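Worksheet: one structure, shown below.
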Amino acid sequence: MTRGSAPALVQETAYRYRIDPIGRMRVPGVVFASPGLLPEVGGDQALQQVADVATLPGIVDASYAMPDVHWGYGFPIGGVAATDIAEGGVVSPGGVGFDISCGVRLYAADLDAADLAPRKEAVLDGLSRSTPRGMGKGAVWELSGTDQLAKVLASGARYAVEQGHGVQRDLDRCEDLGAVDDADPAGLSERAVNRGLHQLGSLGSGNHFLEVQVVDAVRDRVAAEAFGLRAGQVCVMIHCGSRGLGHQICTDHVRTMEQAMAGFGITVPDRQLACVPVDSDPGRAYLRAMAAAANYARANRQLLGQAAREVFERLTGAGLNLVYDISHNLAKVETHVVAGQSRRLCVHRKGATRALPPGHADLPADLRDLPDVGQPVLIPGSMGTASYVLTGVPGGPAFASTCHGAGRTLSRHQAARSVRGQELRTQLERRGVAVRGASWRGLAEEMPEAYKDIDAVVEAAEGAGLARAVARLVPVGVVKG
DNA sequence: ATGTAC
């Protein structure tokens, strides 16, 4: 067995550690971290999960952990695992997460920080009113019924823009140009559909937010310019996912796979790693449902972004131009070279961000031919701290993936015990961050001290060769889910 | 993350 005491880490390079295969591990574990992050590195449980993932049928290369790794449901958050489809490789809902296609969208405003300053409170009030958030209630777009929801699930942000909720650039700069093709709205449970009907255009809660930020430092001028970013510029970052619909899809398919697994001769060290071959009926059914949730999440961010754009236009006259929109909870069928051979892989990224290298065919058209510019990678920090824009680099060691954020170190409970929401708001306001919360408890749970240092996480990602920093952004206002 | 437990 692989379970028991925490797996031993062997240092390979300054930013790379290995867990040697023991028991039923088919491949090693590989953890990208700096010595400074290492004492935390997600805790023993997260490392055990890295080892557990290495037992999955068809896994290739290694079970990878990004510098922001921490404990999650089955798979660690900050985990990347690729399986070889032709070799019986599996897909696991736990490798995607409950919030399917949770991700980040970043807009750059035609506005500098100094010009926002006199209108900042009014803009935050406007964004607070235009951004439904918190558990359950409210959405930007009240859908007419299941037929219209099916169009959202099939066409994602493309349908939203088609219906007038955005502009062409919003699609040009979105992962998969706004939608994935193989979604199957008809395959969703009634519960998933009902939960999806009334939440399109809503933040949710937890670590989800809409932030007004300012570009604090440009690290790579060429890439920043190509992405549409300059120092001192105002930006809007939106972090949210597929709400109750994605959650229900994950729940439904974990249950199905728990039953179906034995029929494929698969056993896993943790029930939460339930999985089936990609090339099977339940595997294909999950991927089609997951794709529907991915489209829902992009449409969700599209609608919230459009609402924010209207607030900015009304109160400042400035437009919002999409920099990029990228998921950090998704499985994708991709082609990668493994041991010198081109293979079709199912790449699970859970709390990990795709980071395509320069020249990749799936880059936005205006970035594709630039020699040193890869995919924009959006890394949200914790509330009140910096966020980053990175870019993909050639020869990334983990299937073109990198970190997704700061990563928790304190549980929600621990955080809520150590600070009151009102007090935290006062601290943030004193530091120049305007706060529009949804609940005091929710605010306290997201205190910056509950997270790793985002600067250290990004430094480790760069040091490990996963991505390169382009710009650092600091918050001036947060609308909290 | 989540109608914070079916």
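As the structure is a prediction and not an experimental result, all values here were calculated from the model. In what follows, every chain begins at residue 1, and chains take the letters A, B, ... in the order their sequences are listed.
Judged purely by atom type and a 3.5 angstrom limit, Asn295(A) has no side-chain atom pairing as donor or acceptor with the backbone of Ala157(A).
Taking atom CD1 of residue Ile249(A) and atom P of nucleotide dT2(B), one finds them 14 Å apart after rounding to whole Å. For the pair His198(A) NE2 and dT2(B) C1', the computed distance is 17 Å after rounding to whole Å. Look at CG on Asp99(A): it is 9 Å from C1' on dT2(B), rounded to the nearest Å. For Asp252(A) and dC6(B), the CG to C1' distance is 13 Å, given to the nearest whole Å. Atom P of nucleotide dA5(B) and atom NE2 of His247(A) are separated by 10 Å, given to the nearest angstrom. Rounding to whole angstrom units, CE of residue Met135(A) and P of dT4(B) are separated by 6 Å. Counting to the nearest Å, the P atom of dT2(B) and the OH atom of Tyr73(A) are 17 Å from each other. Rounded to a whole Å, the NE2 atom of His208(A) is 16 Å from the P atom of dT4(B).
Across the interface with DNA chain B, nearest-nucleotide mapping of Glu446(A) and Arg255(A) shows Glu446(A) to be the residue nearer the 5′ end.
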* **Full working for side chain to side chain donor-acceptor pair (under 3.5 Å) between Thr391(A) and Arg468(A)** => CA-CA 5 Å; Thr391(A) 191; Arg468(A) 189 174 76 245; 5.5 Å; no

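With salt bridges taken as basic N to acidic carboxylate O contacts below 4.0 Å, one links Asp176(A) and Arg298(A).
An OP1 or OP2 oxygen of dT2(B) is reached within less than 4.0 angstrom by no side-chain nitrogen or oxygen of Thr251(A). Within the 4.0 Å cut-off from OP1 or OP2 of dT4(B), not a single side-chain nitrogen or oxygen of Arg412(A) is found.
Among the atoms of the strands shown, only primed sugar atoms or phosphate atoms (P, OP1, OP2) are found under 4.0 Å from some heavy atom of Gln199(A). Backbone-only contact: Gly244(A) has heavy atoms under 4.0 Å from sugar-phosphate atoms and none from a base. Using a 4.0 Å heavy-atom distance criterion, Gly241(A) is classed as making no nucleic acid contact.
Every residue two or more places apart in sequence or in another chain that forms a ring-ring contact (aromatic ring centres under 6.0 Å, His included) with Tyr286(A) is listed here: His253(A).
Applying the side chain to side chain donor-acceptor pair (under 3.5 Å) rule to pairs touching residues 181-191 of chain A yields Ser189(A)-Asp252(A), sequence neighbours excluded.
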